[in-house]
Structure formats: structure tokens, C-alpha cells
2 protein chains.
Amino acid sequence: MQKRNLCGGSLIVNYPSVTIENAVNELSKLPGIGKKSALRFALFLLKSRVEEVEKLSTAIIDLKNKTVFCSHCHNISDTEICNICSSPRRDKSLVCVVEDVRDVLAIENTNQFFGTYHVLGGVISPLEGISPQSLTIGSLLEKVKGGTIKELILALSSTMEGDTTAFYIAKKMKEFGVKITTIARGIPVGGELEFTDEITLGRSIIKRVEFN
Amino acid sequence: MQKRNLCGGSLIVNYPSVTIENAVNELSKLPGIGKKSALRFALFLLKSRVEEVEKLSTAIIDLKNKTVFCSHCHNISDTEICNICSSPRRDKSLVCVVEDVRDVLAIENTNQFFGTYHVLGGVISPLEGISPQSLTIGSLLEKVKGGTIKELILALSSTMEGDTTAFYIAKKMKEFGVKITTIARGIPVGGELEFTDEITLGRSIIKRVEFN
């Protein structure tokens, strides 16, 4: 039996205007956005005031024209040195190594970290053609050689690629006498034992800490 | 027990750049898009090539600058008269009355309708302050008075507001001798009887048609 909603199909063939079609095509390139959502956005924008639409259009193009990567930590910034690297209240000797900008935002939101960051721009993944050379590991090595860094916190995803990258960095940096740590793995705050996977639970028993 | 993922909170406080913050704020105004998705879009655009971002930005602003509403049917168009109204292959005496542009697209996609449209721009809803005067019913009345329209197909949603609007239009147009029909209500193609709501099923029995 055919179970197809005739109006809910994903292909919209005849757009009433080339402008709409063009906008739908461009909007549907955004991650996770299909033609249907793109059309919803386009019709929403069509109903919005022209100033609002201009603000969105400018904000988008400004992303490419006004944003740079901090020359020190490779985080996104409006200025050559980002506001975290240039802040006098941040501990420059404590560097948290993360995969990308989203991780910086996530850690910043915890309000628990007062060091600086180093954004790798990805993790080593031979399958996707990402070698150590395409990441900012060289620049991290230069900073470590400089001698101002006391501790590197490796805050990478707990995946094969993340672990590989962590091992690679640890091996490279060891000879310069820098302390290398990694963020704690274990059961999430609020998580229940019975729903935790065996590997996490097993590791959390092996890596148990003093109760205080 | 607190069940909150610390990284998954909806509030992102410290953006690394004003440009990013601005883009996230503007993108999160799109329907159904929150700050998290907006950030995902912003980071995606940041990684895209500048030409791609310019294309999106231009497509968005073109929506307001290049799109007009067809002066005849109020559908979206690039020209004063839309390509449906100006097509010689379309039956101008058969007019399908719909709520908005999305309905035109949905009906066009069926490839079953060869008349023209009239887009109301909404349905009568006293609660939301939408009166008959804020819709394009006046313009429809003028067309009907003109005498070229033989049949009006009311293709409105089967809601209280949709039904109210249909009754209002039918009452207004009746005296000009135009035939007024409404799209068939019933069990969707591919729908199963046992999962159909009672009202639809009841109406589909009362409004049964000849088997052919």
C-alpha cells in the first residue's frame, strides 16, 4: 500500500519566482537544512521588514569579512589577538588544547577554566586526509618550546581520532618538560550507573579518585 | 537528581567575537532556529568559501529587493503578473482560493490543477486580529464581479478559521452567480481506516461518492 503524503514530498518543482528558488537553493546548503525548511525561511524573510533582512544579510557577509583567527590560539576573533589571549586575568601558562571553536565556547560556558586555549582545527584522521601537518600542532610546539607553558590540558573527544591526536601531541611535547593532563572521563554529573556504557563505567572504576 | 548536560545548555554567554555573536543573533531569528543551530550555521559559513557566503547573502537580500506580489493573484513573483497568471495554457475562469504561497506550491506539485490561483494572505481570525479587510478578499470580489470567473475552488485548511473564511467568501460571492466548490475532504490516499479520526471518517461516509 502506498503511504505517501502527496503534499509532503521533498521535491518542490515549480517555484513561483527565480528569486525564491535561488534563496531556497542557497539556504538549503546550511547544515541540516533541506528544501522545505529553506522555503520556510525564505517565506519568513519575505514577510519580514527590509531592515531585518538587511541585518541578516550583512551579519552573514561580515562573518567572512570581519572575522579572523587569533594568531596566538587560532580561536575566532575580531582582532589579531583574541580577547581570551589578550586578557591579563588569564593564566598563559595553562593551555587547554581543543578540537574546534565550539569546544572553546562549551568550556567557557562552564566558568571553571581561567587559562588560555589552543584550537587545533580538527583531529588527526588519516581516513579523512587530516594529517598532523594540517592542524595547528606546529604552532603549539613553538609555544611549548618558548617555555612559558607549564601545563597542557588535552580536552579532545573520546574517539579513536581524538585519542590518536592526544597521544601524538603528548609524545611530541614530552621532551620539553611540560606537564600534560587530560580532562576527566567518567559518569556525567546527574548520570545514572545503570544507563552508563560498560567502557565508561569500567574506566571510571579503574580511574577512581579520593572521596572528598 | 539534576539531569543537565553542562555543555548542552541553551545559553551561550561568551562569544569569541562580536561578529559571530551578531550573526548568531540574526540567524536565530529564523523560524525554528535556536542559538545552537544558529552557531552551527555561523561556524559553517565561517568555513565556507567567501563566494558561497556572498551568494547566500545576496540571495537573501534579493528576496526583498526583487520579489513582488503578482498584482492579479497575490502570489510571489519576479514580474508584475506572475508566470501562472500570464500563462496562456492556464484556465482563467477556474480560480483556486488558497491561504498562502506554500499552498500554491503544494497544489502545483500535484500537477493536477490547470486553473489560476488567488492567494488570500491568511485566514479570518478575530483572535489574531485578522479581519476580512486585511486579506485580499476585496480584490477577489472585484475579479468575480468582472464576470470572467466561472468556478471558485476553496482550498483552505480544515480548521475553524479556514471554515469561517470559506463561509464568508461563499456568502459574499454567491450573488454573482459563480460556482463555488471546495476541495474533497476524506481519508488520505494510502491512509488506513482504523487510524483515521472519527470526524474525517464520519464525513467521508456522509459525503460518499460513486464508485468508478
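In what follows, chains carry the letters A, B, and so on, assigned in the order in which the sequence lines appear, proteins first and then strands, with residues in each chain numbered from 1. Nothing here was measured: the structure is a model prediction, and the numbers come from that model.
Options V53(B), D100(B), N75(B) differ in how many heavy-atom pairs under 4.5 Å they form with chain A, and the most are formed by V53(B). When the candidates N65(A), D103(A), I60(A), V104(A) are compared by the number of heavy-atom contacts under 4.5 Å with chain B, I60(A) comes out ahead. Most heavy-atom pairs under 4.5 Å with chain A, from the set V50(B), D62(B), L46(B): that is L46(B). Among the candidates E108(B), K66(B), R102(B), the residue making the largest number of heavy-atom pairs closer than 4.5 Å to chain A is R102(B).
With no hydrogens or angles considered, a side-chain donor-acceptor pair links T181(A) and E151(A) at under 3.5 Å.
Residues meeting the side-chain hydrogen bond (donor to acceptor under 3.5 Å, both in side chains) test with T58(A), sequence neighbours left out: none. Residues satisfying the side-chain contact (heavy atoms from CB on, under 4.5 Å) criterion with E26(B), sequence neighbours excluded, are E52(A), K55(A), L56(A), A59(A), N22(B), K29(B).
Only the side chain of V101(A) comes within contact range of chain B, with heavy atoms under 4.5 Å apart. Using a 4.5 Å cut-off between heavy atoms, T79(B) does not touch chain A at all. For a residue to count as touching a neighbouring chain, one of its non-hydrogen atoms must lie under 4.5 Å from one of that chain's; by this rule P188(B) does not touch chain A.
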Criterion side-chain contact (heavy atoms from CB on, under 4.5 Å) on C70(B) and E80(B), from CA distance to verdict: CA-CA 5 Å; C70(B) 170; E80(B) 209 210 318; over 6 Å; no

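In this structure, Y117(B) and V95(B) approach most closely via the heavy-atom pair C-CG1, 4.0 Å. Shortest non-hydrogen contact noted between C82(B) and S77(B) is CA-OG, 3.3 Å.
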